[in-house]
Structure formats: C-alpha cells, structure tokens
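Chain A is the first sequence line, chain B the second, and so forth, proteins listed ahead of strands; every chain is numbered from 1. Values reported hereafter were calculated over all heavy atoms of this structure, with side chains retained and with hydrogens, waters and symmetry mates removed.
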Protein chains: 2
Amino acid sequence: MTMSNTGGRRRPPTIHDVAREAGVSRGTVSRVLNGGHYVSPAAQEAVNAAIRRTGYVVNRHARSLITGRSDSVGFLLTEPQERFFEDPNFNVLLRGCTQALAAHDVPLLLMLAGTEDERRRITRYITAGHVDGVLLVSSHSGDPVAEELREAGVPLVACGKPIGLGSKVSYVAADDRDGARDMVRHLLSLGRRRIGVVTGPLDTPGGVERLAGYREVLAEAGIAADERLVVPGDYSRASGEAGAERLLAQAPDVDAVFVASDLMAQGVLAALHRAGKRVPEDIAVGGFDDSPAATAATPTLTTIRQPWDRISNEMVRVLLAQIGGEDPAAVILPTELVKRDST
Amino acid sequence: MTMSNTGGRRRPPTIHDVAREAGVSRGTVSRVLNGGHYVSPAAQEAVNAAIRRTGYVVNRHARSLITGRSDSVGFLLTEPQERFFEDPNFNVLLRGCTQALAAHDVPLLLMLAGTEDERRRITRYITAGHVDGVLLVSSHSGDPVAEELREAGVPLVACGKPIGLGSKVSYVAADDRDGARDMVRHLLSLGRRRIGVVTGPLDTPGGVERLAGYREVLAEAGIAADERLVVPGDYSRASGEAGAERLLAQAPDVDAVFVASDLMAQGVLAALHRAGKRVPEDIAVGGFDDSPAATAATPTLTTIRQPWDRISNEMVRVLLAQIGGEDPAAVILPTELVKRDST
DNA sequence: TTCTCTACTGTGAACGCTCACAGAAGCATG
DNA sequence: CATGCTTCTGTGAGCGTTCACAGTAGAGAA
C-alpha cells in the first residue's frame with residue numbers, strides 16, 4: 001500500500017528482468033546500456049530485444065546514486081524574473097536549451113532565484129550535486145549565486161559575458177559590440193550624421209558593449225562625440241519613450257537613433273510619433289534583438305538579430321563539455337543586420 | 001579520479017556523518033528529516049545542529065530509489081511550442097508553477113514534446129516514474145500524450161479543460177464563458193448592438209467557451225444571431241487582422257468587436273486603423289487575457305483578465321494533492337473585466 | 001510485583017544500478 | 001605446451017537512503 005496513486009501503476013521492469021529475459025547477466029545489460037563496449041553482437045541483440053519486449057527504462061536514481069552524476073542540468077534565473085519572462089529572447093533561449101539538452105537525453109530543471117531565501121535554497125540544491133551543471137541567465141554583475149557556484153566548482157555556462165566573475169567561467173554571447181557597429185555604420189551609410197543612442201543598462205555587458213560599438217564607429221568616421229546624443233535606458237519600453245523625449249529635448253537636430261533593444265525602440269517610435277516626427281524620413285531608428293516587437297512595430301524595425309538558436313546550442317555544448325571534464329570556454333557569435341522600414 | 005570536475009568538489013556529507021556527529025543512529029536522523037515524529041526533543045536538537053554543522057543535504061537519488069517517488073514534477077508542453085513561448089500568459093504560468101512548486105521544495109522539469117520522437121521519449125520518461133506528476137499545457141484536443149499518461153495513472157493536471165479526455169483528469173481553468181459574457185454585456189451597456197466576434201480556435205476549450213458566452217449574452221439580450229458577425233481566428237495577431245477585414249466586409253455596420261485574445265485584438269486594431277475606423281468611437285474593441293499586448297496597444301485595450309497567478313497556484317495544489325492520493329479535481333476560477341480606452 | 005502501553009532508538013535489509021574484479025574462451029606468440 | 005593478450009561475461013559489493021522490525025526505558029494499571 002505504499003504506492004496509493006490513482007490508476008495503480010505496477011512495478012516497472014528492472015535491469016534484472018531484462019537480464020533474465022535476454023539470458024545474460026546484469027553486467028552485460030549494463031554494458032549495453034552504457035555504450036555497448038565489450039559486448040558480443042549476439043548479446044547486444046538479445047539485450048536490445050529484451051529491452052523492447054519488457055519496455056525497460058533505466059532508473060536514473062539508482063544510476064545517479066552510484067555514478068555521482070545526476071544527468072540533469074539546471075537552468076538558473078537569478079534576480080527579478082519578470083524582466084526575463086517578458087523578454088521574448090529569453091523564451092527562445094529557454095526553448096532552445098531545453099531542446100538541445102533533450103537531444104542528449106538530459107532533463108532540464110528550471111530554477112528561479114528571486115529572493116534571498118530562494119537563492120540559498122537553490123545554491124544548496126545545486127552544490128549538493130542534484131544537477132551536473134548550470135546554465136546561468138543573469139544579466140547583472142556581481143551575482144552572488146554565480147560566484148558561489150563557481151567557487152564550488154559547479155560546471156557553469158553564462159549567457160552573455162558575466163562582468164563580475166573572473167575569466168574562469170564559461171560564457172556564450174552574441175557579438176554585441178560588432179552588432180552595434182553594424183547598425184551605426186548602416187545609419188551612417190544612409191547619410192545620417194547626428195546619430196543618437198538609447199543605451200541598455202550599463203551594469204550589463206550587453207549595455208556596455210553596444211554603447212562601445214556606437215562610440216567606436218562614430219570615432220572612426222571622424223564624428224566628434226556629443227554626449228547630448230547619449231541617453232540611458234534599461235531595456236524597458238517605458239525607458240525607450242523617456243529616452244526619445246530626452247534626446248529630442250537635448251539634441252533637436254538628431255536624425256537617427258540607435259536603440260539598444262527592440263522593446264525600447266518601440267517606446268522610441270511611440271514618442272517620436274507623438275512628437276510629430278516621421279520615421280524614417282525625419283529620424284531613422286535602429287533596434288537590437290530582432291524580437292517579435294521588431295516586426296510588430298510601425299514602421300517595422302531595422303534591427304540586429306542575435307543568433308539565439310545558436311546561442312542556446314552553444315551553451316549546452318560548452319556545458320556538457322565542461323561536465324565531461326573540459327576547461328571553461330568563451331564563445332562569441334556573430335550578429336546580423338536585418339533591414340526593415342524604420343531606416 | 002572518477003569525479004574529474006574542475007574545482008574538485010569533495011564528497012558531500014551523508015546521513016551517516018550527521019548521525020555520528022549528532023551521536024545518534026541513521027534511523028533517528030532519517031526520522032528528523034521526515035517530519036520528526038517519534039524523536040525526542042534532545043535528539044531533534046542534536047540532529048539539527050549536526051545538519052547545520054556538516055552542511056548536510058539529503059541525497060534525493062538515494063531517497064527516490066527506496067521511496068519510489070522522485071519528488072519532482074514535469075511541466076509538459078505538447079505540440080508546437082512556438083505558440084506557447086510567444087504567449088505572455090504562458091510565461092506567467094510557467095513562472096508561477098515554478099515558484100509554487102519551489103515553495104514545496106519540488107523541482108520542476110521542463111519538457112517539450114513537439115515531434116513524434118520527443119513525444120515517445122518523454123512518455124517513456126514520465127511513465128518510468130521519473131516525475132511524480134505532470135502539469136500539462138496542451139491547447140488542442142485529442143492529445144495522445146495526455147491520454148497515455150492518464151491511462152498509465154500518472155497524476156496529471158491540465159491547464160484549461162481538456163476536450164478529448166474523460167472526466168477523470170484534473171484541470172484548472174479560468175471561467176472563459178463567464179469572462180466572455182462580462183465583455184459582451186459591457187459592450188451592450190455601451191449601447192452597441194452590432195457586436196462582432198473574432199473567435200479563438202474552436203478545437204480548444206477556450207475558443208469554444210468564449211464564443212458560447214458571446215452567443216448566450218446576445219440571445220439573452222434578445223438580439224438575433226447573425227453569422228456574418230462571427231469570424232474565426234487562431235489567437236495569432238495575423239488572424240486578428242484578417243478577421244477584422246473579413247468582419248468589415250461581411251458586416252460593415254459592426255459597432256463593436258469582441259476578440260478572443262489580446263494578440264488578435266492588436267491585429268484587429270491595426271486593421272481597423274488602416275480601414276479608417278476610429279476606436280472606440282466607430283467600433284469598440286474588447287480583448288481577452290490582459291496580456292502586456294493590452295496595455296501596449298493603441299488605444300489601450302479593454303480586456304478580460306485571467307487570474308494566471310491563481311491558476312498556476314491551483315494547478316500545483318491540485319497536482320500535489322493528487323500525488324498524495326486524492327482524487328482528480330476540476331477548478332474554475334473567475335475572470336475580471338479590465339476597462340481601458342478601446343471601449 | 002508484573003504486565004501493558006507509549007515514546008523513543010538502533011539495526012539489517014532492501015531499492016536498482018554501476019564498478020571492479022575474476023574468470024573463460026579464442027587466438028597468436030614464445 | 002605454456003604464456004600472453006584480447007574480448008567477452010558473470011558476480012559481489014556498495015552507492016545513501018528509508019522501511020520494517022526489534023528492542024529499551026519509563027509510566028501507569030492490574
């Protein structure tokens with residue numbers, strides 16, 4: 001009467017049952033299960049047939065108990081989750097990682113560490129070895145969880161370059177700087193010379209890099225820096241609206257804006273519309289991310305596509321490699337300029 | 001040299017270590033861990049202190065091996081995932097479930113079953129007992145995975161009433177019909193009489209119920225049904241645009257539209273704008289969901305709020321109850337009319 | 001006193017798997 | 001013919017926990 005679940009599932013077959021069914025020993029079945037080395041073709045065949053017949057599925061708990069591995073990884077989100085969950089990129093990332101892991105038969109555990117309590121609980125859970133590694137999505141610097149995990153030697157791959165941590169942590173990132181450079185060069189090629197920027201939060205690598213790319217290209221083009229053209233944002237739509245208003249007030253002759261995220265660009269478009277500016281005739285607007293917001297915007301938004309599908313794949317690849325004993329690695333992937341109606 | 005991970009974590013303390021440290025037996029430690037019944041206050045105290053000192057965390061694999069439970073649940077998404085991941089409600093749901101489960105110290109495994117292969121793999125994984133129960137998000141009817149899980153006796157809670165399955169499966173849903181009724185009554189109260197509807201997909205419970213609510217209220221108000229006012233949609237923005245165009249063509253005198261989702265309502269607004277119709281003066285528009293799209297729309301969208309935070313909490317509550325041996329249950333939660341500028 | 005009952009504690013046996021080892025068989029080499 | 005090597009197979013031990021059971025001690029009842 002221990003299992004009193006509705007429907008009363010009966011005891012699933014064990015490796016013993018398979019061994020008996022196949023006429024071999026547990027050891028041989030186990031070897032087949034783990035790559036099939038040192039197993040005769042005949043035994044191989046018999047075991048596979050027995051597995052099919054019995055519907056055997058390995059008990060991962062028993063396996064983990066002895067191997068010390070859990071054959072699962074965590075997808076860890078630190079800090080307030082609202083932001084991430086509203087970000088369409090985040091969804092693509094989560095989906096991509098889940099699928100890439102599924103291809104390796106590795107389940108993904110979703111973990112949210114918003115409060116201090118949750119942080120502690122999850123750190124314990126992870127360091128206790130309940131996952132083999134962690135895919136970390138944490139935008140801001142100085143994340144204490146990340147630091148603890150790194151110190152505990154937990155295989156870790158961050159999405160985007162972590163600012164606070166040492167060089168010993170793996171990460172996968174889009175080439176933010178190069179993407180920004182592409183966009184600003186594109187605006188220059190349209191003949192624009194008074195190019196403003198609404199930055200991302202400057203305590204995130206993305207925010208810093210995108211601004212740097214903007215500055216570099218203008219400098220290379222021999223255009224003097226004008227701080228009135230640089231206004232801060234935090235990736236939110238509202239901050240885009242505020243940014244555009246501020247930009248128009250500080251530099252009324254602005255003829256283009258590079259906005260560090262599509263969501264902010266939506267806000268910029270709304271503010272420009274209210275101010276009676278035509279896009280792209282009066283002011284060209286370039287976004288960043290190629291999120292659904294970019295195609296939903298009016299006019300549709302020229303933007304920088306980040307290769308999120310590749311990012312998730314690479315994160316998983318690097319993490320699994322690291323779990324397998326390889327050294328941490330950094331991967332930087334190229335972005336792509338997507339031209340639409342706003343420029 | 002088995003664990004060759006970078007950082008070389010050393011063997012974590014076991015229940016043995018805690019027992020020795022506390023001067024008691026394994027059994028006593030285990031009892032403390034599992035509720036503390038039949039344990040003297042002194043032993044209780046000593047064990048807790050030892051746990052703190054050693055930093056002990058229970059090995060869930062060993063526990064699962066003997067209890068047969070996994071103390072984890074799956075969050076299962078069947079069918080093409082793009083739709084869900086683009087849906088902001090889905091995000092709230094996923095987040096809410098994760099948090100509600102975390103409060104019970106139950107990890108959540110995210111599972112995507114898009115292709116036939118994945119479906120098979122995941123069904124095996126689940127029926128093998130690797131999760132204690134499943135939170136199911138599957139909009140369409142006749143989901144083979146759901147059916148298999150139900151037959152296998154896996155505790156299951158669906159989000160929204162599953163059409164195909166028998167009454168033996170738990171679900172939690174917003175009161176779609178009542179929400180639709182509220183919205184249509186609201187439109188009637190504004191003096192509108194030629195009220196159109198863009199439906200959701202009619203193989204989903206939400207689509208069916210919302211349309212039913214619309215029909216009921218009109219009938220109750222003594223307004224004859226006019227099928228030219230009913231156009232199909234599939235919850236996508238594009239289908240909203242198409243629906244509005246069709247509606248204007250079929251029934252040019254339409255003075256209000258109840259749209260079965262905010263995303264579609266965005267499309268409706270865009271199409272009406274193009275057609276030169278003013279909202280709400282010429283045509284009032286009501287959405288459904290109260291998603292971010294509702295506040296982002298111009299004009300901001302009057303809509304029906306679904307209690308997603310409560311839905312996720314209830315799903316988790318019902319699932320855990322069912323895992324604990326209780327019978328399946330259906331929970332229907334009330335919606336709320338949110339008035340904004342589009343009506 | 002003696003018995004019973006309750007509250008508490010310790011111990012061996014599992015759970016299902018992998019790992020290390022021992023051995024068997026086949027084949028070439030000394 | 002012994003020896004070594006390779007390939008393959010079976011067996012015992014043990015991973016860390018819970019569970020069932022057997023016990024102990026103390027209190028109260030007969």
Side-chain angles (χ1 to χ4, degrees), chain A residues 1-4 9-47 50-51 54-72 105 125 128-130 132, chain B residues 1-4 9-47 50-51 54-72 105 125 128-130 132:
Chain A
M1 281 303 280
T2 338
M3 290 280 280
S4 63
R9 359 181 190 171
R10 55 179 189 289
R11 199 178 63 82
T14 73
I15 201 171
H16 261 106
D17 302 325
V18 176
R20 193 171 353 96
E21 183 82 13
V24 299
S25 71
R26 283 162 23 237
T28 300
V29 177
S30 178
R31 277 184 286 266
V32 170
L33 253 37
N34 295 284
H37 298 302
Y38 289 97
V39 180
S40 69
Q44 180 86 249
E45 177 88 8
V47 169
I51 288 176
T54 54
Y56 171 76
V57 178
V58 63
N59 181 325
R60 297 171 98 113
H61 300 304
R63 172 183 283 174
S64 294
L65 187 53
I66 184 156
T67 62
R69 283 173 283 116
S70 74
D71 293 319
S72 67
D105 211 36
Y125 184 87
H130 291 304
D132 293 339
Chain B
M1 280 305 281
T2 337
M3 290 280 281
S4 62
R9 358 182 190 170
R10 51 179 192 293
R11 199 179 62 81
T14 73
I15 202 172
H16 261 107
D17 302 324
V18 176
R20 193 170 356 94
E21 183 81 13
V24 299
S25 72
R26 283 164 19 239
T28 301
V29 177
S30 178
R31 278 183 286 266
V32 170
L33 254 36
N34 295 284
H37 299 301
Y38 289 95
V39 180
S40 68
Q44 180 86 249
E45 177 90 6
V47 169
I51 288 176
T54 54
Y56 170 77
V57 179
V58 62
N59 182 325
R60 297 171 97 112
H61 299 305
R63 171 182 285 173
S64 295
L65 186 54
I66 185 153
T67 61
R69 283 173 281 117
S70 75
D71 292 319
S72 67
D105 210 38
Y125 184 88
H130 290 304
D132 293 339

Between [X] ([atom1]) and [N] ([atom2]), how many Å, whole number?
X: A:Ile66; N: D:dT17; atom1: CD1; atom2: C1'; answer: 14 Å
X: B:Leu65; N: D:dG16; atom1: CG; atom2: P; answer: 12 Å
X: B:Ile15; N: C:dC15; atom1: CD1; atom2: C1'; answer: 15 Å
X: A:Tyr56; N: C:dG16; atom1: OH; atom2: P; answer: 10 Å
X: B:Asn59; N: D:dT18; atom1: CG; atom2: P; answer: 10 Å
X: A:Asp71; N: D:dC15; atom1: CG; atom2: P; answer: 19 Å
X: B:Arg60; N: D:dT18; atom1: CZ; atom2: C1'; answer: 15 Å

Heavy atoms only: give me the nearest [X]-[Y] pair and the separation to one decimal.
X: A:His130; Y: A:Ser70; result: O-OG, 3.2 Å
X: A:Ala19; Y: A:Val29; result: CA-CG2, 3.7 Å
X: A:Gln44; Y: A:Val39; result: N-CG1, 3.7 Å
X: A:Asp17; Y: A:Pro12; result: OD2-O, 4.4 Å

Among residues at least two apart in sequence or on other chains, which ones pass side-chain contact (heavy atoms from CB on, under 4.5 Å) with A:Ala50?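 A:Val18, A:Glu21, A:Ala22, A:Arg53.
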If the condition is side-chain contact (heavy atoms from CB on, under 4.5 Å), which residues does B:Arg26 pass it with, not counting sequence neighbours?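 If we apply the side-chain contact (heavy atoms from CB on, under 4.5 Å) test to B:Arg26, skipping adjacent residues, the hits are B:Ile15, B:His16.
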Candidate list B:Asp71, B:Asp105, B:Asp132, test salt bridge (charged side-chain N to carboxylate O under 4.0 Å, His left out), partner B:Arg60, passing option: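 Answer after filtering B:Asp71, B:Asp105, B:Asp132: B:Asp105.
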So if I take every side-chain heavy atom of A:Arg63 and compare against C:dG16, C:dC17, D:dT18, which nucleotide ends up nearest?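 The answer is C:dC17.
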Selected nucleotide, minimal atom distance to B:Arg69 side chain, candidates C:dG16, D:dC19, D:dT17: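 In terms of side-chain proximity for B:Arg69, the closest of C:dG16, D:dC19, D:dT17 is D:dC19.
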At what angle, to 10 degrees, do the two end axes of the helix from C:dT1-D:dA30 to C:dG30-D:dC1 meet, given five pairs define each axis?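 Between the first-five-pair axis and the last-five-pair axis there is 60°.
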How would you list, by chain and number, every residue that makes a ring-ring contact (aromatic ring centres under 6.0 Å, His included) with B:Tyr56, sequence neighbours excluded?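 Residues passing ring-ring contact (aromatic ring centres under 6.0 Å, His included) with B:Tyr56: none at all.
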DNA chain D contacts made by residues 34-42 of chain A, counting heavy atoms under 4.0 Å: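 Correct list: A:Tyr38, A:Val39, A:Ser40.
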Given B:Ile51, which of B:Val58, B:Val57, B:Leu33 fulfils the side chain to side chain contact (heavy atoms under 4.5 Å, CB included) condition?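 Result for side chain to side chain contact (heavy atoms under 4.5 Å, CB included) with B:Ile51: B:Leu33.
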Contact list please: residues 19-33 of chain A against DNA chain C, heavy atoms, distance less than 4.0 Å, in numerical order.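 Contacts with DNA chain C under 4.0 Å: A:Arg26, A:Ser30.
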Separation between CD1 of B:Ile66 and OG of B:Ser64, rounded to the nearest 0.5 Å: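 Separation between the atoms: 11.0 Å.
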A:Thr54 and A:Arg20: CA distance, side-chain angles, deciding distance, side-chain contact (heavy atoms from CB on, under 4.5 Å) verdict: CA-CA 11 Å; A:Thr54 54; A:Arg20 193 171 353 96; over 6 Å; no
